[in-house]
Amino acid sequence: MHVTILAIESSCDDTSAALVRNGIVLSNLIANQKVHRNYGGVVPELASRAHQQHVVPVVDQALKEAGVEKNRLSAVAFTQGPGLLGSLLVGVSFAKGLALSLGIPLIGVNHLHAHIMAHWAGEPGKKVKTPGFPFLCLLVSGGHTQLVVARGFLEMEVIGQTIDDAAGEAFDKCAKVLGIPYPGGPVIDRLSREGDPHAFAFARPRIGGLDFSFSGLKTSFLYLVHDEVEKNPRFIEERKADLSASIQHTIVEVLMDKLEKASEQTGIREIGIAGGVSANQALRDALEERAKRYGWNIYIPEFIYTTDNAGMIGVTAYYKYLAGERTGQETVPLARFPM
Ligand code: KG4
Ligand code: ZN
């Protein structure tokens, strides 16, 4: 018996729909929102409105690309949280209506859980290198920075997290200081390739245990840039690549430092990265370097599954479906939803 799930993701600024059959991703459509570029971050009201415009065409296209008829679906999965309430509400309402009209179950998925499950996402005929359990995952996105131990598909334990900004937020806020539109992370990544990672030094956060802090780093970056611009108004223009490479290097080293500690403390060597920031080349290089140094088996999801996508929601829902987990029609979106 096939288990065919339609999954919807709408937690932030991407509207995505995917068809997942027996844990394999048949289609995975993502509609990005360009409306936030000039605001330095996601504007919740605009995001919610754009989700309303995108959700029907994106779902239609996902069904079409997968060649699946609605009446063949086993369940409808959706991102329940965490995320922006107005954005989540669009996906939750759509999923509820569709499941009700088709008389099939609903499965609510935690967005952070799904980012980790992205390691199990793959398409037909493609072999995915999947981690063994226990698996230690550094989850780095625009909204979250966590160290998670996965003991099974549905058993996640958070062992460390940021006490202020997320790593992606640090990238985006520093990019904004350089006049780069949101989301600046990928631009910093690109600019860094031409820059010197040791050109500038920034005060590293001193947080004990396995927690992270990035707000001080952002402030340190802002002060340095302001001071230098006072002396030379062309400073940003002239040193953009060096500034990018240096802040990127610092963020990556802070992340790696805690990941090393977590591996040491737990004894786990099955190690991966997930979330939007895991697309970052310097982070990937640093992980590979550590893998060689410490004998880690490392895992990085395919690029399409690192940033927000419904494929990862559908894969997570598949394992929940097998475990008999169902969500009632009375369900509501949860802006805060700890794993
Ligand atoms: O996981 P994601 O798509 O959305 C959230 O759940 O937050 O992550 C988006 C974040 C943004 O902060 C973006 O700047 C960052 O991931 N990001 C990157 C790169 N690609 C995306 N940061 C650094 N380097 C990249 N290549
Ligand atoms: Zn995300």
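When a ligand or atom number is given, it counts from 1 through the structure's own listing order.
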Check ion pair [X]-[Y] (N to O, under 4.0 angstrom):
X    : Y    : value
E288 : K292 : no
R234 : E237 : yes
R239 : E228 : no

Between [X] and ligand 1, which part of the residue brings a heavy atom under 4.0 Å of the ligand: side chain, backbone, both or neither?
X    : result
N280 : both
V277 : both
Q248 : neither

Original post:
Is it the case that more than 12 heavy atoms not belonging to R204 sit under 6.0 Å from its CZ atom?
Top reply: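 It does: R204 CZ has more than 12 such atoms within range.
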Original post:
Got more than 12 heavy atoms from elsewhere within 6.0 Å of CZ, R290?
Top reply: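 Result for CZ/R290: enclosed.
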May I ask you to check whether [X] has an N/O atom sitting below 3.5 Å from an N/O atom of ligand 1?
X    : answer
D14  : no
G276 : yes
G185 : yes
G143 : yes
E169 : no

Original post:
Under 3.5 Å, is there a donor-acceptor pair between the T145 and Q161 side chains?
Top reply: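 Looking only at side-chain atoms, Q161 and T145 do not form any donor-acceptor pair under 3.5 Å.
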Subject >> Heavy-atom nearest neighbour in the protein, as seen from atom 12 (O) of ligand 1, with distance rounded to 0.1 Å >> reply: D172 OD2, 2.6 Å
**OP:** Report the nearest protein non-hydrogen atom to atom 10 (C) of ligand 1: residue, atom name, distance rounded to 0.1 Å.
**Re:** G142 N, 3.4 Å
Original post:
Yes or no on side chain to side chain donor-acceptor pair (under 3.5 Å) for N297 and E270, after CA distance, side-chain angles and deciding distance?
Top reply: CA-CA 5 Å; N297 294 320; E270 290 285 298; 2.7 Å; yes
Original post:
If two hydrophobic side chains count as joined below 4.5 Å and joins carry through other members, does V252 share a cluster with I300?
Top reply: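 Yes, same cluster.
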**OP:** Please answer: with hydrophobic residues joined when any side-chain heavy atoms are less than 4.5 Å apart, are I298 and L147 in the same cluster?
**Re:** yes
**OP:** Please find out if less than 6.0 Å separates the ring center of F135 from that of W296.
**Re:**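 No, ring centres 6.0 Å or more apart.
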Subject >> Near-ring test W120/Y319, centroid separation under 6.0 angstrom >> reply: no
Show which atoms of ligand 1 fall inside a sub-4.0 Å distance from at least one heavy-atom site of [X].
X    : answer
T307 : 3 (O)
H115 : 1 (O), 6 (O)
H111 : 6 (O)
P183 : 14 (O)
S141 : 1 (O), 5 (C), 6 (O), 7 (O), 8 (O)
G168 : 12 (O)

**OP:** Determine, using heavy atoms of C12 and all atoms of ligand 1, whether some pair is separated by less than 4.0 Å.
**Re:**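 Heavy atoms of C12 never come under 4.0 Å of ligand 1.
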Original post:
Do any heavy atoms of Q281 fall under 4.0 Å from ligand 1?
Top reply: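 So Q281 does not count as touching ligand 1.
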Original post:
Under 30°, 30 to 60°, or over 60°: which ring-plane class applies to F202 and F221, parallel, tilted or perpendicular?
Top reply: tilted
Original post:
Is any protein N, O or S atom closer than 2.8 Å to the Zn ion (ligand 2), and if so, which?
Top reply: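 Listed by chain and number, the nearby protein N, O or S atoms are H111 NE2, H115 NE2, D308 OD1.
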**OP:** Start with the C-alpha distance between H115 and D308, add both sets of side-chain angles, then the distance that settles side chain to side chain donor-acceptor pair (under 3.5 Å), and finish with yes or no.
**Re:** CA-CA 8 Å; H115 267 304; D308 289 350; 3.1 Å; yes
Original post:
With respect to atom 26 (N) of ligand 1, which of T145, D189, D308 exhibits the smallest heavy-atom separation?
Top reply: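 Of the listed residues, D189 has the closest heavy atom.
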**OP:** Answer yes or no on whether K176 is positioned over the face of Y182, meaning its NZ or CZ is under 6.0 Å from the six-membered ring centre and within 45° of the axis.
**Re:** no
Original post:
Think R326 forms a cation-pi with Y321, using NZ or CZ under 6.0 Å from the six-ring centre and within 45 degrees of its axis?
Top reply: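 Geometry flag: set, cation within 6.0 Å and 45°.
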